[in-house]
Structures are given as C-alpha cells and as structure tokens.
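Working notes for the structure below.
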Amino acid sequence: MKTLIIIPAYNEEDNIERVVNMLVTSYPQYDYVVVNDCSKDNTKFICEKNNYNFIDLPVNLGLAGAVQAGYKYAYHHNYDIAIQYDGDGQHRPEYIEDLVQGIESGADIVIGSRFVNSKKPWNARMIGSRIITFVTKLTTGVEVKDPTSGMRAISNKLIKEFAFNMNYPPEPDTIAYQLKKGAVIKEVHVEMDERIAGESYLNITNSIKYMSRMLISILFIQNFRK
C-alpha cells in the first residue's frame, strides 16, 4: 500500500538530518514529507540543503496543524496510509512495517505502543498515561495501553477526515473520539529511543496542563461529541 511518513518538525536542526537520512537510505519503499512548522533554527536550511521533500509552513501552527498539513498532502497525493513520525529521533523506522501491516489487516488506526509486551513504569509521566488509559476505557470500553504515543498510522478511510476537519489533534482525545465512532484501533509493540538533542515542550508545568486538557476533553467533550 502506498505509504507516507509525515515528519512534523519544529526547531529540529540537530535531529532532522539523521531522521530523514535513515529513512531515505534504509527504508526507500516509504515516501516521506517533513513539515517544517516555521522553525526558528536551521531546520528549513537543512531541508533545502539536502533537497528533502518538505512543506515550509509560513506561520507556526503547532503539532496539530503541522500533522494536519501532512494529512492534506497525503490526501492530495492519494496515499493509502499516513504515518505520523517524530522528527526528534525517538521513533525507530524498523517498526514502520508493523504499523503498515496493521492497517493492511483491517485496522483504521494503528498505534506504535511501548506497552504491548512490557509493563508501564510508575513514574510521573506514566501515571498520567495510566489515567488517560483508564478514562478512555471508561468512556469507550476499549483499553489503549499507550494513548500518548506519537507514532501512529491511519488508513485511507480516515485521511480525508483528519486532513480537513477541525478538532482532530494527534492526541489521546482524538483516539477516544474515533473509538466512540466505531473505528478499529490496533496497537503494535515498538521500542522508542530517548531524544538525543533539543528539548521536549512537556516540562512539568506543560505536562500538568496537558493532562488536565486531555481528561476534560475525553470525559466531557469527546464522550458527547457527535
């Protein structure tokens, strides 16, 4: 199936070359597009220098807007599968095939999950993940073991919907909404690396805000959304 790897990138000058070159040299069977989310560093220059396939957003749209731009690209170029893939080097390309096979076997969304074959640790971040898993199961009846994973594939059935509708961020509340609608969601086991360079936006303050927003959305918005 024709597969597109969507790589949202914001200030990833220290990571993007390694990420894209690995895909190009070792996994040429997959197409890719980098979505440069109006980075303030040299991300755009690196993409231009290497002649990468990339979309250069004129304003910063955030993760949701950048990924949606990638879905629009996938729709207009008639891809069967679109895969969100981080530009910070945490996602491993050897698991892309498992995501593709999950879609080919009939799933609408396939999540690269760190906790299919291993237990979730009891650190602060994973406690938040456990809570999201609980409220998702409470509202949908389905257990999603790694709801915050950013490595996920969607089928052609959903590409247009994700590309052109509002309120479809690549977050756990969208997964909960799709489950409510009857989407078939599968998790496949993956391993992820630690970020080598740069900083995640999820510091302690932002993590608390993120958790609060996800819980409110899943419990009181997505559960009643039509």
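Pro147 is listed as a side-chain neighbour of Ser129, based on a closest heavy-atom distance under 4.5 Å. Side-chain contact between Val190 and Arg92 is absent, with no heavy-atom pair separated by less than 4.5 Å. Side-chain contact between Met151 and Asp86 is absent, with no heavy-atom pair separated by less than 4.5 Å. When side chains are defined from C-beta on, Ile132 counts as touching Met211, because their heavy atoms get closer than 4.5 Å.
Atom NZ of Lys160 has 12 or fewer heavy atoms from other residues, nucleotides or ligands within 6.0 Å. By the neighbour-count criterion of 12 heavy atoms within 6.0 Å, atom CD of Glu104 is densely surrounded, having more than that number from other residues, nucleotides or ligands. Counting non-hydrogen atoms of neighbouring residues, nucleotides and ligands closer than 6.0 angstrom, the NZ atom of Lys119 reaches no more than 12 such neighbours. Within a 6.0 Å sphere centred on CE of Met1, heavy atoms belonging to other residues, nucleotides or ligands number more than 12. Heavy atoms of other residues, nucleotides or ligands lying less than 6.0 angstrom from CZ of Phe45 number 12 at most. Within 6.0 Å of NZ on Lys157 lie no more than 12 heavy atoms contributed by other residues, nucleotides or ligands. Within 6.0 Å of NZ on Lys137 lie no more than 12 heavy atoms contributed by other residues, nucleotides or ligands. Within a 6.0 Å radius of NZ in Lys180, more than 12 heavy atoms belonging to other residues, nucleotides or ligands are found.
Judged purely by atom type and a 3.5 angstrom limit, Glu13 has no side-chain atom pairing as donor or acceptor with the backbone of Thr43. With hydrogens and angles ignored, the 3.5 Å screen pairs no side-chain donor or acceptor of Asp31 with any backbone N or O of Leu4. A donor-acceptor contact shorter than 3.5 Å is absent between the side chain of Gln68 and the backbone of Pro169. Between the Lys186 side chain and the Ser105 main chain, no donor and acceptor come within less than 3.5 Å of each other. Checking side-chain atoms of Ser26 against main-chain N and O of Leu23 turns up no donor-acceptor pair under 3.5 Å. Of the possible polar contacts, one joining the Thr133 side chain to the Val144 backbone as a donor-acceptor pair under 3.5 Å is found. In terms of modelled atom types and a separation under 3.5 Å, the side chain of Asp80 and the main chain of Asn156 share no donor-acceptor contact. Judged by distance alone, with hydrogens and angles left aside, the side-chain atoms of Lys44 form no donor-acceptor pair with the main-chain N or O of Asp56 at under 3.5 Å. Proximity of a side-chain donor or acceptor of Tyr10 to a complementary backbone N or O of Gly62 within less than 3.5 Å is not detected. In this structure, the side chain of Tyr32 does not engage the main chain of Val24 through any donor-acceptor pair within 3.5 Å.
Between Met166 and Arg225, the closest heavy-atom pair is O-NH2, 3.6 Å. Across Pro170 and Gln84, no two heavy atoms sit closer than the pair CB-OE1, 3.1 Å. Minimum heavy-atom separation, Ala66 to Leu61: N-CB, 4.2 Å. The two atoms that bring Leu99 and Gly112 nearest to each other are CD1-CA, 4.3 Å, heavy atoms only. In plain terms, the two heavy atoms of Ala107 and Ser155 that are nearest each other are O-CB, 4.1 Å. The two residues Arg18 and Gly89 have their closest heavy-atom pair at NH1-CA, 3.9 Å.
The distance from the CD atom of Glu97 to the OG1 atom of Thr3 is 10.5 Å, given to the nearest 0.5 Å. Put simply, NZ on Lys2 and CG on Asn78 are 6.0 Å apart, with the number rounded to the nearest 0.5 Å.
Side chain to side chain, Glu161 and Tyr168 meet the donor-acceptor criterion of an N or O pair below 3.5 Å. Donor-acceptor pairing under 3.5 Å is lacking for the side chains of Asn15 and Asp88. In summary, the side chains of Tyr210 and Glu171 do present a donor paired with an acceptor at a separation below 3.5 Å, with no hydrogens or angles considered. If you check the side chains of Asn60 and Asp37, you find a donor sitting under 3.5 Å from an acceptor. A side-chain donor from one of Tyr73 and Asn53 sits under 3.5 Å from a side-chain acceptor of the other.
Linking ILVMFWY residues whenever their side-chain heavy atoms come closer than 4.5 Å, directly or via other members, places Tyr85 and Ile81 in the same cluster. Put simply, Ile46 and Phe54 are part of the same group of oily side chains (I, L, V, M, F, W, Y) that touch within less than 4.5 Å, one to the next. Hydrophobic clustering, with ILVMFWY side chains joined whenever heavy atoms are under 4.5 angstrom apart, keeps Ile221 apart from Val135. Met192 and Met126 are not part of a single hydrophobic cluster, where members link through side-chain heavy atoms under 4.5 Å apart. Under the 4.5 Å side-chain heavy-atom criterion for ILVMFWY residues, a single connected hydrophobic cluster contains both Ile7 and Ile96.
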TODO: Apply the test side chain to side chain contact (heavy atoms under 4.5 Å, CB included) to residues Asp108 and Gln178: give CA-CA distance (whole Å), side-chain angles for both, the deciding distance (0.1 Å), then the verdict.
DONE: CA-CA 9 Å; Asp108 300 309; Gln178 289 299 322; over 6 Å; no

- [ ] I would like to know whether Arg130 and Phe115 meet side chain to side chain contact (heavy atoms under 4.5 Å, CB included); could you show each step before the answer?
- [x] CA-CA 11 Å; Arg130 287 174 184 271; Phe115 308 116; over 6 Å; no

Task: Full working for side chain to side chain contact (heavy atoms under 4.5 Å, CB included) between Glu191 and Glu94 - done: CA-CA 10 Å; Glu191 300 288 339; Glu94 60 263 36; over 6 Å; no

TODO: May I have the step-by-step check of side chain to side chain contact (heavy atoms under 4.5 Å, CB included) for Leu57 and Val35, ending in yes or no?
DONE: CA-CA 7 Å; Leu57 298 180; Val35 184; 3.7 Å; yes

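Applying the side chain to side chain contact (heavy atoms under 4.5 Å, CB included) test between Ile218 and each of Asp173, Ile131, Thr140, Thr174 identifies Asp173 as the sole match. Checked against Arg152 for a side chain to side chain contact (heavy atoms under 4.5 Å, CB included), the options Val67, Ile175, Val110, Asp146 give a single hit: Ile175.
Taking the six-membered ring where tryptophan is involved, the planes of Tyr27 and Tyr30 are essentially parallel, since the angle between them stays under 30° and well short of 60°.
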